[in-house]
Protein chains: 2
Amino acid sequence: MDKDHYLERLVRKLETNSPLQSEERDQLLRLPLVLKQFEAGHDIVSEGERTKNCCLVAEGLVCRYKIVGDGQRQILSLHLPGDIPDIHSLLIEQMDHNLGTLTAATVGIIPHEAVRILTRSYYRIAEAFWRETLVEAAIYREWMVGIGRRSAPSRIAHLFCEFITKMTAIGLSDGKTCELPLTQPEIADALGLSTVHMNKKLREIRQAGLVRLRSNKLTILDWKGLCQLAEFDPDYLHLREASSKK
Amino acid sequence: MDKDHYLERLVRKLETNSPLQSEERDQLLRLPLVLKQFEAGHDIVSEGERTKNCCLVAEGLVCRYKIVGDGQRQILSLHLPGDIPDIHSLLIEQMDHNLGTLTAATVGIIPHEAVRILTRSYYRIAEAFWRETLVEAAIYREWMVGIGRRSAPSRIAHLFCEFITKMTAIGLSDGKTCELPLTQPEIADALGLSTVHMNKKLREIRQAGLVRLRSNKLTILDWKGLCQLAEFDPDYLHLREASSKK
DNA sequence: CGTGTGCTTGAATACGATCAAATGCGGTGG
DNA sequence: CCACCGCATTTGATCGTATTCAAGCACACG
């Protein structure tokens, strides 16, 4: 029953980039939260649904994705604990994509109404959530550039750079190594590649001594080299610390 | 000196999807606006900049884009009159991409402070702008799916469907024909394709009798066929009318 | 009537997809 | 402990789509 802990993680994330007053912080920590468990590979919310709740990722890895006509999947974003990936459902009625788990996950269900009361009462809270959605849009832009204009090796490297940077920002990595609980088909679907091709190029990256990746454990062996291959510049993540990291 | 007209267009767009009270509408119409002219192909705001203003597109076609290491460009979004493509700069200090003109354009410069006073005083105004940025994110997702998982012809068709739908929504098209002031290299850069390949596949679409495109005039000859090729479903644009159109 | 810009076309090449199969590995049950 | 199963990863071969390079064309504009 770690509800408080999960909300704290949310607040910590918001406060990293948006100032909150102590009353606002308290109100956020008092949000009603119903925890729900999901197995890996299951949908939390599906395309076309209209919900009255939003979902705080408490544990596990969650993604947005769409399926195209011929059955191919495009993963659109990855969401770590502390994210509310469907906060947009506050203002946009209908889901235009799916939200699903990549690992077993715990999700905190929060009624829209509870959030709406806060965003309408405290403009700083509204701005904090708004800002999160804007950073997400910045990540979309970066992914779009990758899928549209970067080579396969560069995209793979970029995913690693971004993932470990985000994990580090929420304290789940030391910046050198972290869990990467994605199968290769999932990585391929995030990058707009086929599994086979992704596997072959990943092998090259490994053989070039840039990373190690085994049984969902990612280790960066050559951060500079990896960033160079990826043309990774963490500015687009708009993390306060990330710029200093460089 | 059509400042009022341009602000009205903004308000009309916001009100299509977000309810506003008459006082809020009036406040928006009273926003200070300094008009500025740009030639085609010039930057309005560049990557790395920190501005104290945002830009209302008054006339012309504007886009976001990024340039990658080898000089290739990815166009990330298109912006029609009534858009404020850099409203995010209210909350995110640094531009992570460029904002440039595709045609000659008139842009209304609005100080952040003026907007911020409104969004902080009237939660409906904040929500209206927030919602616009969320719809933009939905469009990013759709583009990402296209670039990552759709064939070249499908992507081209999708661009046409989306563009004419958006133009129709703001009254600049009858749904059958409209201006499409993009060169083929620009279309290619929006779709993550090379100019040559884009040209060849466009030819096929034309020969299939789906569209006519000459001297920046787009005419839809077979809307159903085009939508089918594009797998276009306007739901993601979250326009109130669009769903009924289908 | 020449010139430039954007469009079109062809040929060669490369990158990534698809198809098919083998390998490795963790977990389960004999 | 070992055999087997299922899943993820790896590999090879072939095919197709898209890129690159290079040239020619067409129309608007001076």
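Owing to the predicted nature of the structure, the values given are computational and were not obtained by experimental measurement. Letters A, B, ... mirror the listed sequences (proteins, then strands); counts begin at 1.
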Worksheet item: Just checking B:Thr183: base, sugar-phosphate only, or nothing, at a heavy-atom cut-off of under 4.0 Å?
Response: sugar-phosphate
Item to complete: Anything under 30° is parallel, anything over 60° is perpendicular, the rest tilted; go ahead and classify A:Tyr140 against B:Tyr140.
Response: perpendicular
Worksheet, complete the sentence: Taken to the nearest whole Å, CD1/B:Ile147 to P/C:dG16 is 15 Å
Worksheet item: In terms of side-chain heavy atoms of A:Gln184, which of D:dA22, D:dA18, D:dT9 is nearest?
Response: D:dT9
Worksheet item: Over how many whole Å does the gap from B:Asp189 atom CG to C:dG6 atom C1' extend?
Response: 14 Å
Discussion item. Under 4.0 Å from OP1 or OP2 of D:dT10: is there any side-chain N or O of A:Arg206 that close?
Written reply: yes
Worksheet item: Just how far, in rounded Å, is P of D:dT10 from CD of A:Gln207?
Response: 11 Å
Item to complete: Using a cut-off of 6.0 Å, state whether more than 12 heavy atoms not belonging to B:Arg206 lie near its atom CZ.
Response: yes
Worksheet entry | Any side-chain donor near an acceptor of the partner, B:Thr195 and B:Gln184, under 3.5 Å | no
Worksheet item: CZ of A:Arg214 versus P of C:dG26: gap in Å, rounded?
Response: 9 Å
Discussion item. With nearest nucleotide decided by heavy atoms, which residue, A:Asn216 or A:Gly148, maps closer to the 5′ end of DNA chain D?
Written reply: A:Asn216
Item to complete: Ignoring the backbone of B:Ser194, work out which of C:dT8, D:dT19, C:dT18 is nearest its side chain.
Response: D:dT19
Discussion item. Tell me whether A:Arg64 is salt-bridged to A:Glu136, with the criterion being a basic N under 4.0 Å from an acidic carboxylate O.
Written reply: yes
Worksheet, complete the sentence: Per atom distances to the B:Lys201 side chain, the nearest of C:dC7, D:dA18, D:dA22 is D:dA18
Worksheet entry | Phosphate OP1/OP2 of C:dC7: any B:Asn199 side-chain N/O under 4.0 Å | no
Worksheet item: Nearest to the side chain of A:His197, which nucleotide is it out of D:dC21, C:dC7, C:dA17?
Response: C:dA17
Item to complete: Find the distance B:Ile187:CD1 to C:dT8:P and express it as a whole number of Å.
Response: 10 Å
Discussion item. Distance check needed: C:dA17 P versus A:Met198 CE, whole Å only.
Written reply: 12 Å
Worksheet item: Picking from C:dA11, C:dC7, C:dG16, which would you name as closest to the side chain of B:Lys200?
Response: C:dA11
Worksheet item: When you check the phosphate oxygens OP1 and OP2 of C:dT9, does a side-chain N or O of B:Arg203 lie under 4.0 Å from one of them?
Response: yes
Worksheet item: Which whole-number value in Å describes the distance from B:Leu193 CG to D:dT20 C1'?
Response: 14 Å
Worksheet item: Any chance CD of A:Gln207 has more than 12 other-residue heavy atoms, nucleotides or ligands included, within less than 6.0 Å?
Response: yes
Worksheet item: Between atom CZ in A:Arg150 and atom C1' in C:dA14, what is the gap in whole Å?
Response: 20 Å
Response to the item:
The residue, A:Leu182 or A:Arg149, whose nearest nucleotide of DNA chain D is more 5′ is A:Leu182
